[in-house]
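Below: one structure, written as structure tokens.
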Amino acid sequence: MRTILIEAKNENDEAGIARAGEILRAGGLVAIPTETVYGLAANALDPAAVNRIFAAKGRPGDNPLIVHVAAFDEIRPLVTRIGKKAEKLASLFWPGPLTIILPKSAAVPGEVSAGLGTVALRMPSHRVAAAIIKAAGVPLAAPSANVSGRPSPTNAQHVLADLDGRIDAVVDAGPCSIGVESTVISLASNVPCLLRPGAVTLRQLEEAVGAVDISPAVFADAGSGQQVMSPGMKYRHYSPKARVIILRGSLERFIDYVGAHCCEGDAVLCFEGEKELMPLPAVTFGREDKAQEQAKRLFQALREADELPAQRVFARCPGSDGLGLAVYNRLLRAAGFEVVEL
Ligand code: TXA
Ligand code: MG
């Protein structure tokens, strides 16, 4: 299959957006920009189209997809109840980088929810994404547009590097502004539960709906066979080809440790401004005190580490407050939870 590149600088690019909508309505796969990462979209109500997503990404069939809408009312037919908490969260954070999990209706194909009784819903704020959803005229199932396990794509080139020839089109609207995937909160149980941290922070969620549990999978490996609430969390994720090891501790100890333990093929993932201090080839992912920069750079930096090419990457440990929790969570997964305390 030839993958078409559609340029759509903004939502006024009517021809490109209409073309994307047509392909989606016809059951095709289109990678679309969102404010978080690029998504691989298909008609969420068409099981055959949804199955193509799993095939193109090599995604395990038990990992459910997020359904993207352009207006709040579009979620009504997809769920059995909405409830006050979902209404509150949507009124505060939609459109935006928040995914809300609710009990699903029969309208959502089992392929989308991977057999679960719930559905994940998101209204992206990226105007091109909203315009494409409207043009398609159907809700869009869209996981991140990477090959399963690879770092999520934050620009159209990343999408092509993974999926060229496997999908119908990519809509290029430039780099994503946030750079890590949406916050995922489940409202399917009594107490809301944070399944994946993102740009809508834990504190913002708590201010909106009161107590929020944090899924253990946010901090620890959920791959050891236990039941997990968010199936995606049990897979190694966001991984470059290199082995990533997080070193938690001061810059001085980091430099000492790396100097003492490095060998041929090693590299460093460090903060902006530290590169010159490193005894090894280095890629940077934003300034140490700027979680927004780190979020925007992280996945690109992991891809750059592979291009060095590095076999092993020692990574500086980011903070875990606010958006930092999302950065830390993604880096932990890229490292397969391998952390050395310095
Ligand atoms: O920012 C984002 O959310 C991006 C853009 C494209 O919107 N999408 C994205 O999708 O990150 P994906 O498929 O890469 O991640 C979705 C996560 C997975 O961890 C999946 O297991 C979880 O959400 N998920 C989806 N439906 C779920 C459900 N019904 N219950 C629990 N977890 C669910
Ligand atoms: Mg993903």
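As the structure lists them, so they are numbered: ligands from 1, and atoms in each ligand from 1.
- Contact atoms of ligand 1 toward S144: 8 (N), 9 (C), 10 (O), 12 (P), 14 (O) (distance under 4.0 Å to a heavy atom of the residue).
- Applying the 4.0 Å criterion to heavy atoms of A142 picks out, from ligand 1, the atoms 6 (C), 8 (N), 10 (O).
- For ligand 1 and A120, the ligand atoms under 4.0 Å from any heavy atom of the residue are 25 (C), 26 (N), 27 (C).
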For I66 and L121, run side chain to side chain contact (heavy atoms under 4.5 Å, CB included): C-alpha distance rounded to whole Å, both residues' side-chain angles, the deciding distance at 0.1 Å, then the answer.
-> CA-CA 6 Å; I66 297 172; L121 300 157; over 6 Å; no
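- For F285 and F271, the distance between ring centers is under 6.0 angstrom.
- Not one N or O of T34 is nearer than 3.5 Å to an N or O of ligand 1, by distance alone.
- Remark: D321 CG is loosely packed, at most 12 non-hydrogen atoms of other residues, nucleotides or ligands lying under 6.0 Å away.
- Side chain to side chain, T34 and R122 meet the donor-acceptor criterion of an N or O pair below 3.5 Å.
- Close approach of ligand 1 to T118 (heavy-atom distance below 4.0 Å) involves ligand atoms 28 (C), 29 (N), 30 (N).
- Geometric assessment of R330 against the ring of F299 yields a negative cation-pi assignment under the 6.0 Å and 45° thresholds.
- Those atoms of ligand 1 that come under 4.0 Å of a heavy atom in S182, given as number and element, are 1 (O), 2 (C), 3 (O).
- Set against the non-hydrogen atoms of G39, the atoms of ligand 1 under 4.0 Å away are 6 (C).
- Listed by number with element, the atoms of ligand 1 under 4.0 angstrom from any heavy atom of L116 are 28 (C), 29 (N), 30 (N).
- A donor-acceptor pair shorter than 3.5 Å can be found between the side chains of E181 and S152.
- Remark: P103 engages T80, R81 in a side-chain contact (heavy atoms from CB on, under 4.5 Å) (not counting sequence neighbours).
- Judged as a side-chain hydrogen bond (donor to acceptor under 3.5 Å, both in side chains), not a single pair has a partner in residues 38-48 (not counting sequence neighbours).
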Show the numbers, then the answer: is there a side chain to side chain contact (heavy atoms under 4.5 Å, CB included) between K57 and N146?
-> CA-CA 6 Å; K57 279 181 60 89; N146 50 297; 3.3 Å; yes
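- For the Mg ion (ligand 2), the set of nearby N, O or S atoms under 2.8 Å includes none belonging to S152.
- Only side-chain heavy atoms of R196 come within less than 4.0 Å of ligand 1; its backbone N, CA, C and O stay farther off.
- In summary, the atoms of ligand 1 found under 4.0 Å from a heavy atom of I101, numbered by their order in the structure, are 27 (C), 28 (C), 30 (N), 31 (C), 32 (N), 33 (C).
- Between atom 13 (O) of ligand 1 and the options R59, K57, E181, the minimum heavy-atom separation is to R59.
- Ligand 1 is approached by H68 to a heavy-atom distance shorter than 4.0 Å.
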